[in-house]
S.K.: 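Here's a structure for you.
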Amino acid sequence: MPTLVMKFGGTSVANLERIANVAEKISREVERGYNVIVIVSAMSGKTNELIGWVNDTSDIYDAREYDAVVASGENVTAGLMALRLQEMGVSARSWQGWQVPINTTSAHSAARFVSIPRDNIEAKFAEGFRVAVVAGFQGVSPEGRITTLGRGGSDTTAVAFAAAFEAERCDIYTDVDGVYTTDPRITAKARKLDKISYEEMLELASLGAKVLQTRSVELAMRYGVRLRVLSSFDETDETSGTMVCDEEEIMESKVVSGIAFSRDEAKVTLVTVEDRPGIAAAIFGPLADAGVNVDMIVQNISEKDYDEVHPGAVTDMTFSCPIDQINRARKAMENAKANGSINYENLIVDADVSKVSVVGIGMRSHTGVAAKMFRALAAEGVNIKVISTSEIKISVLIDRKYIELAVQTLHDEFDLGAPADDV
């Protein structure tokens, strides 16, 4: 029988009523002839509750025990889901990570997959079981300890199982009915996409779209797993949701497919840094060691860089990072200055910026996208602070107060909206 992987997030399994609703969807896929591997998250809010208990118990906790506690939320959901399916007459069995086993590295709370052997689950399918309900977000280390994969890890678990079992498809059920051209809460003209390429989805996910976890898209692209994003609260069929697939499956796409944004960004500038070989490594090495997620980087000619005797002696270095990492970034730079690895005159932080990005595989073969984007923002009085580009995206940092205006403007400028009768 063909295998189908279905993943259900926390809101989809938030209570017994919703678990029953999900079980109906699983049952229908069994009736269609699939052996189904179901990946479940913890019930909505439970993971935060468990993390809170750990923090209240210990300020400096053992990461191995943290994982043991936090992984229990998914175990509860898996057991309840299997029980519900059994009550409906569907032969189901729940699986915790160590029972599969989902083999991971030993990096607790940030583990990565090593292997997922098929033998145990396939043996149960051969016995006549039709559904394996697997606790997402968790695995087992080489030392035999429970590990967790980090937030959003259940998405990655689902894609990993789809790759390991060569599933026909991996369906990711969420509280939205697909991937949209932008956040519908920003503009009512946002349109659901029928298909989107792996590369576009990866860019959108990394740039702020929260539909899929970035690691799950990376894994799907690497192993060619066809992903479908759809709502657990709607009636679904083979055409529902958004398919994330190879570019070749998309007959014709627009130049720009979507507008992504991230509100909580910060811009950091090191003023008058010495301009010499190795200065970038001296700056960004300590930032990496401090766990600062640097995104956009710009090196400028400093206003003091006009020394006729030593031209090019100093430069300004600007980078962006998440706003909640500013203190880490500041401390890393201060420490680097104190130990003499770098020197700078001033460190300036702008914590009132946001990032807006246009994404599309069509940008590879079309010119003028950047000019069109910049003209549209200029016409609305939106000043651009930093620009970053790749083959299929252009990102800009702007003042946070203009974020909604910028998204709406660019969505209209690139004609991404739904037809009038669909709005």
S.K.: With side-chain contact (heavy atoms from CB on, under 4.5 Å) as the criterion, how do K189 and D412 come out once you've worked through the C-alpha distance, each side chain's angles and the decisive distance to 0.1 Å?
M.R.: CA-CA 9 Å; K189 296 179 182 178; D412 290 342; 3.6 Å; yes
S.K.: Under the salt bridge (Lys or Arg N to Asp or Glu O under 4.0 Å) rule, collect the residues that match up with D264, sequence neighbours excluded.
M.R.: none
S.K.: Salt-bridged, K401 to D399, with N to O below 4.0 Å?
M.R.: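 No, no charged N to carboxylate O under 4.0 Å.
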S.K.: Between N75 and Q138, is a side chain to side chain donor-acceptor pair (under 3.5 Å) present by the stated rule, with each step listed?
M.R.: CA-CA 10 Å; N75 296 342; Q138 63 177 252; 3.0 Å; yes
S.K.: Are any of the side-chain nitrogens in R215 or E218 under 4.0 Å away from the carboxylate oxygens of its partner?
M.R.: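 Here R215 does not pair with E218 in a salt bridge, since their nearest N and O are not under 4.0 Å apart.
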S.K.: How close do A332 and A290 get, counting heavy atoms only, and between which atoms?
M.R.: CB-CB, 4.0 Å
S.K.: Which residue pairs satisfy the salt bridge (charged side-chain N to carboxylate O under 4.0 Å, His left out) criterion with at least one member in residues 101-115, sequence neighbours excluded?
M.R.: none
S.K.: With sequence neighbours left out, write down each residue that passes side-chain contact (heavy atoms from CB on, under 4.5 Å) with N48, or none if nothing qualifies.
M.R.: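 side-chain contact (heavy atoms from CB on, under 4.5 Å) list for N48, sorted by chain: R151.
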S.K.: ring-ring contact (aromatic ring centres under 6.0 Å, His included): which pairs involve residues 135-161, sequence neighbours left out?
M.R.: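 For residues 135-161, and leaving out neighbouring residues, the ring-ring contact (aromatic ring centres under 6.0 Å, His included) pairs sorted by first residue read F161-F165.
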S.K.: Which is it for S388 and S395 under the side chain to side chain donor-acceptor pair (under 3.5 Å) test, yes or no, and what are the steps along the way?
M.R.: CA-CA 5 Å; S388 175; S395 296; 5.5 Å; no
S.K.: Could you check E247 against R364 for salt bridge (Lys or Arg N to Asp or Glu O under 4.0 Å), going step by step and ending with a plain yes or no?
M.R.: CA-CA 12 Å; E247 182 180 337; R364 287 199 186 107; 2.9 Å; yes
S.K.: May I ask you to say whether E31 pairs ionically with R130, meaning some side-chain N is under 4.0 Å from a carboxylate O?
M.R.: no
S.K.: Between F319 and F284, is the gap from one ring center to the other below 6.0 Å?
M.R.: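 Yes - the distance between ring centres of F319 and F284 falls below the 6.0 Å cut-off.
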S.K.: Charged N to carboxylate O below 4.0 Å: is that the case for E249 and R226?
M.R.: yes
S.K.: Run the salt-bridge test on E29 and R32 with the 4.0 Å N-O cut-off and return the result as yes or no.
M.R.: yes
S.K.: What residue pairs, at least two apart or across chains, pass salt bridge (charged side-chain N to carboxylate O under 4.0 Å, His left out) with a residue in residues 4-25?
M.R.: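 Checked against salt bridge (charged side-chain N to carboxylate O under 4.0 Å, His left out) - neighbours excluded - the pairs reaching residues 4-25 are K7-D155.
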S.K.: Using the salt bridge (charged side-chain N to carboxylate O under 4.0 Å, His left out) rule, collect all pairs that involve residues 80-109, keeping only residues at least two apart or in two chains.
M.R.: none
S.K.: Salt-bridge test for K385 and D350: reply yes if a basic N is under 4.0 Å from a carboxylate O, no otherwise.
M.R.: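 Yes.
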S.K.: Are R145 and V140 side-chain neighbours, meaning at least one heavy-atom pair lies under 4.5 Å?
M.R.: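 No, side chains not in contact.
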S.K.: Before you tell me yes or no, could you show the steps for T77 and E74 under side chain to side chain donor-acceptor pair (under 3.5 Å), namely the whole-Å CA-CA distance, both residues' side-chain angles and the distance that decides it to 0.1 Å?
M.R.: CA-CA 5 Å; T77 309; E74 281 72 16; over 6 Å; no
